[in-house]
Amino acid sequence: MIQIMLSLFVLMFASLSLAQTTTITDVLDRKVTFNAPAQRVIVGFYPEDYMAIGTEAAYDKVVGMSKYIWQARPANWDMYVKHRPSLATIPGIGRVDTKTFSIEKVISLNPDLIMLADWQFKGLGSDIQRLESAGIPIVVVDYNAQTLARHMKSTHIIGVITGQQKRAAMIAEEYSKNLKMVTERLEKANLPKPRIYTEFGASGVNEIGYTFGKNMWGAIATMAGGDNISAPYVEWWGKLNPEQILASDPQVIVITGYEKGNGDDAMIMGQGVDEAVAKARLEGFKRRTGWSSLSAIKNNRMFAAYHGACRTILDGAMIQFYAKAMYPKLFSDLNPEAAYKDFYKKYLPVTPEGTFMISL
């Protein structure tokens with residue numbers, strides 16, 4: 001018994017001695033001090049990024065999370081839970097956007113750090129002071145902005161939180177090199193920028209869905225060399241007037257979707273989705289009123305992408321996908337879907353099977 005207690009003491013002492021007081025500057029230029037690697041973490045957003053960068057073992061230290069963004073990708077979530085059942089038992093903390101985020105629940109979990117997305121931090125408003133008054137360090141990261149700088153900084157921050165700085169540096173470097181490759185080819189070719197329109201197709205054919213301005217898919221379209229028709233009218237995300245889409249005459253259209261949508265005509269993509277079903281859904285969007293006159297429809301340049309592969313360090317493959325969709329000859333050597341799955345094989349404990357990007 002004494003030997004067992006001594007062994008436990010040594011393990012506890014070793015764990016404490018490895019943690020060091022660290023000060024980082026987060027994406028909002030806030031200086032945050034905490035013990036790293038953190039031992040009791042609440043993950044507010046970007047749960048898959050947290051695992052990819054921090055390794056699966058990082059979830060041994062997660063005591064709470066906002067689960068809805070992962071569960072919005074039900075087949076993906078189920079795949080992870082099947083591999084790691086303990087994910088399902090992590091306490092939920094609610095969500096900021098529906099005002100169900102529970103400050104009391106967060107405090108009761110006694111975290112030594114909470115990681116929030118930029119939009120979550122801003123959305124919580126004065127409640128941030130309640131968390132800080134409880135002595136909980138808040139670190140803000142951001143993949144939604146879809147800028148290289150914020151992707152890199154967020155990745156390095158998660159590396160510090162989880163004690164995986166070297167792994168984070170490697171992932172960040174690979175992302176940066178991928179974007180540099182695309183950018184340099186585009187600059188060298190100096191081709192006209194195709195007009196491109198992206199829409200989240202969860203609402204189906206009969207309702208115009210959300211499009212994206214300077215973040216998320218809008219930013220990816222721009223990074224990949226496109227002229228995003230939504231940018232002049234939508235700052236972050238919102239809906240374009242149907243007549244504006246017709247007037248802008250996109251040459252390339254990308255419809256995105258999750259594993260499920262709002263009806264039988266919704267765009268579905270992702271884990272477990274059959275390619276034939278996804279293509280049939282995409283075909284439906286071609287038959288929208290007035291769309292037969294669009295250049296993208298006339299020239300059969302309709303594409304679909306997995307919405308879950310955006311606003312994440314995994315979205316380097318989607319930059320490739322957009323680049324190849326707009327410049328098929330220039331990027332003919334790329335295999336974006338293989339790149340997407342290769343990231344999983346290298347950095348995550350599961351490999352998804354399904355449909356993640358298609359063309360008609």
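- Between Glu174 and Tyr347, the side chains place a donor N or O and an acceptor N or O closer than 3.5 Å (distance only, hydrogens not considered).
- Aromatic pair Tyr210/Trp237: ring centres closer than 6.0 Å.
- In terms of modelled atom types and a separation under 3.5 Å, the side chain of Arg288 and the main chain of Val205 share a donor-acceptor contact.
- With hydrogens and angles left out, the side-chain atoms of Asp49 and Thr312 include a donor and acceptor closer than 3.5 Å.
- Counting heavy atoms from C-beta outward, Arg167 and Ile171 have side chains that approach closer than 4.5 Å.
- Taking all atoms of both residues into account, the shortest heavy-atom contact from Tyr197 to Gly209 is OH-O, 4.3 Å.
- From Ile53, atom CD1 reaches atom OG1 of Thr155 across 4.0 Å, with rounding to the nearest 0.5 Å.
- Taking the centre of each ring, Tyr50 and Tyr46 stay at or above the 6.0 Å mark.
- In this structure, Tyr68 and Phe45 have tilted ring planes: the angle between them lies in the 30° to 60° band.
- Under the 3.5 Å distance criterion, the side-chain polar atoms of Arg301 are matched with a main-chain donor or acceptor of Ala325.
- The backbone N or O of Ala172 sits nowhere less than 3.5 Å from a side-chain atom of Lys177 that would complete a donor-acceptor pair.
- The two residues Ala202 and Ala266 come nearest to each other via the heavy atoms O-CB, 3.3 Å.
- When all heavy atoms of Asp249 and Ser293 are compared, the closest pair comes out as OD1-O, 4.2 Å.
- Salt bridge status for Lys180 with Glu187: absent, with no side-chain N to carboxylate O gap under 4.0 Å.
- The closest side-chain heavy-atom distance from Met115 to Ile161 is below 4.5 Å.
- A salt bridge links Lys122 with Asp118: the distance from a Lys NZ or Arg NE/NH1/NH2 to an Asp or Glu carboxylate oxygen falls below 4.0 Å.
- With ring centers used as reference points, Trp217 lies under 6.0 Å from Tyr322.
- Both the sub-6.0 Å distance and the 45° axial angle are not jointly satisfied by Lys286 relative to the ring of Trp291.
- Classification of Arg311 and Glu48 as a salt-bridged pair fails, no side-chain N sitting under 4.0 Å from a carboxylate O.
- For Thr23, the side-chain hydrogen bond (donor to acceptor under 3.5 Å, both in side chains) partners are Thr33, not counting sequence neighbours.
- For the residue pair Val182 and Ala224, the shortest heavy atom distance occurs at CG1-CA, 4.3 Å.
- With 3.5 Å as the limit, one finds a donor-acceptor pair spanning the side chains of Gln146 and Asp315.
- The ring of Phe321 has its center no closer than 6.0 angstrom to the ring center of Phe356.
- Contact detail for Thr351 and Lys345: the closest heavy-atom pair is OG1-CG, 3.7 Å.
- Residue Gln129 qualifies as open at atom CD: its count of foreign heavy atoms under 6.0 Å is 12 or below.
- Applying the side chain to side chain contact (heavy atoms under 4.5 Å, CB included) rule to Asp29 yields the partners Thr25, Lys153; only residues at least two apart in sequence or on another chain are considered.
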